[in-house]
Amino acid sequence: MTATPLGRERNREGQRLVLPLLTLAVAVTFSASLIVGPAAIGLPEILNAIFSGEADTAALIIREVRLPRAILGLTIGATLGLAGAALQGLLRNPLAEPGLIGVSASAALGAVLTFYTGLAGLFALALPLGGMAGACVGAAVVQGLAGRDGSPLTLILAGIAVTSFAAALTSLALNLAPNPFAALEIVFWLMGSLADRSFDHVWLAAPFMAAGCLLLLTLGRPLDALTLGEDAAQTLGFGLRSLRHRLVLGTALSVGAATSVAGAIGFVGLVVPHLLRPLVGHRPGALLPASALGGAVLVLTADVAVRVLSPGRELKLGVLTALVGAPFFLFLVLRLRRQLL
Amino acid sequence: MTLLRAHSVSVSLGDAPILAGLDLGIAAGEVVGLIGPNGAGKTTLLRAMAGLLTLDGGEIRVQGRPLQKIGRNTLARALAYLPQGSDSHWAVSVETLVMLGRLPHRDLWRAPSHADRVAVGRAMEACDVAEFKDRPTTHLSGGERTRVLLARALASEPRLLLADEPVAGLDPGHQLDVMEKLRDLARSGAGVVVVMHDLTLAARFCDRLALLHNKRIAAEGGPAVVLSPETLARCYGIRAYHGSAEGNTIVVPLERTGAGAGHDPA
């Protein structure tokens, strides 16, 4: 079954179109995120609000509410998609997701601790700062546990250990919460959301997400080489230990910051690389930028959807991604099983 | 010219010594067949020569320089390692996989150059895989995959190729093809080390054989010397038929003589 030259050409053309099309989709969903909301504001007014600096109500809503929310949706989605693709490449397993190496769980724990100790009530940024501190500690512990060799197995095991322990401590904080409202607040926050985030959150998290994402984007070649296995990748000139260090650091910075401002948003890092992989010819390196764009599209879309589906008492973003993501993932698993049979 | 020299090399895996004081040299232009019973340490030796293992003692020099002093990328351009029973982990196309062999020659962010494409095309032709270059590597038969992976190693145009059982699982025709490719590579000036079990094929295609037994090279030299009845009895514990056809040595194992070291756990 050889592909015809024409089919092959079409295939390559298709692969070249993936990034431009995804970029277009990001632009569309970003605009939708600015347009959709309780107050009806048209596109001209939005552009005017962003670029003029006027201080009427519409401009304030756009600048203070919708713009930071859209920016966070874009950056957090990109982070989750990219980190998922990188981790799947390192572990050579399509079931890996950024949460696997313990960063999300420890970021959540750090944030929850600020609730528990009451720090979160003292100043607005205590919560994300606590989350980032948690992510750093978690990543350091994972690195320490995983040891000096570059084996993916020890990385997974260390990640599972840290995730379980962080989850246990989070439950403990809930268990010992001073009052039911504190517990409820923790649970709601853990569900993940972009609602009520300000530019303070953007300024705090964006630099870390940008640094982490840039680091992850440089891993394309070693991840490509890993297609041949660890020994062959090393003899192609790529050190596994350095690859793992960079990947864990990049994930800790980007996913840690993302979780710190938005809570846990599941399934994005798992599903997006999985969906886009065939479109880039299954190449792990090419999948990185594609997954970043795809993740942004997915999170922006989901965030618009929660505003449309449940105005007033908003559905949490993390709940929606899980509600849609889990059955979708089941569908992928069933399709994979059919292919294997 | 000596491309690679292992001098008094000792390697342990965990607590178990695998190689102890081993010496071996590979010259440009020759195919060296590395043979020996299962568990003798052939793969360990190959991995050590590829710079994948830390030595307990001794030294390995590539083109005169100690292995650990050579930069990763410089080494990757000079040396290609074809692991045993390796596989492709993603469903990339055959051509994409072969192109991975060019990674050490390409700059960061740079698309494949004309030279890269030429090398990949030549490697695919040589390994008889060009006709299915757009198929996903996960949809290949074992023999096809083996040839694709060899093409990947050839695509990097190495000075030194270390191939671990490249003919395992191939039909006789493709076994001959692959061995001819290795010999062609050597004739063009490269050094080739190939691990194999088929003694007849080894005798026919290798300029020199090195028999690994008891943690060192037990016999080294031309096929006639290394495959002598005494050596086969001592190292493999077998008796073999020795013959010749059209000027080629034929060695066919007949029976185990019992006292051999085929199951030597050390």
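Reminder, nothing fancy here: chain letters follow the sequence lines and each chain counts from 1.
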| query | So which of A/Gln234, A/Arg283, A/Arg277 has the biggest tally of heavy-atom pairs under 4.5 Å with chain B? | reply | A/Arg277

Looking only at non-hydrogen atoms, find the nearest pair between [X] and [Y] and report the distance.
| X | Y | value |
| --- | --- | --- |
| B/Leu103 | A/Arg221 | O-NH2, 3.4 Å |
| A/Thr235 | B/Ala76 | O-CB, 3.3 Å |
| A/Leu228 | B/His89 | C-CD2, 4.3 Å |
| A/Gly89 | B/Trp90 | CA-CZ2, 4.1 Å |

Where on [X] is there a heavy atom nearer than 4.5 Å to chain A: the side chain, the backbone, both, or neither?
| X | result |
| --- | --- |
| B/Arg77 | neither |
| B/Leu149 | side chain |
| B/Leu75 | neither |
| B/Ser88 | both |

| B/His139 atom NE2: more than 12 heavy-atom contacts under 6.0 Å | no

| query | In this structure, are over 12 heavy atoms from other groups packed under 6.0 Å from A/Phe30 atom CZ? | reply | yes

| task | To the nearest 0.5 Å, tell me how far B/Thr96 OG1 sits from A/His282 NE2. | result | 10.5 Å

| From B/Asp87 CG over to A/Thr227 OG1, what is the distance, rounded to the nearest 0.5 angstrom? | 11.0 Å

| task | Look at the side chain of B/Arg72 and the backbone N and O of A/Leu236, then say whether any donor-acceptor pair between them is shorter than 3.5 Å. | result | no

| field | chain A contacts, top residue of B/Ala91, B/Ala80, B/Pro104 (heavy-atom pairs, under 4.5 Å) | value | B/Ala91

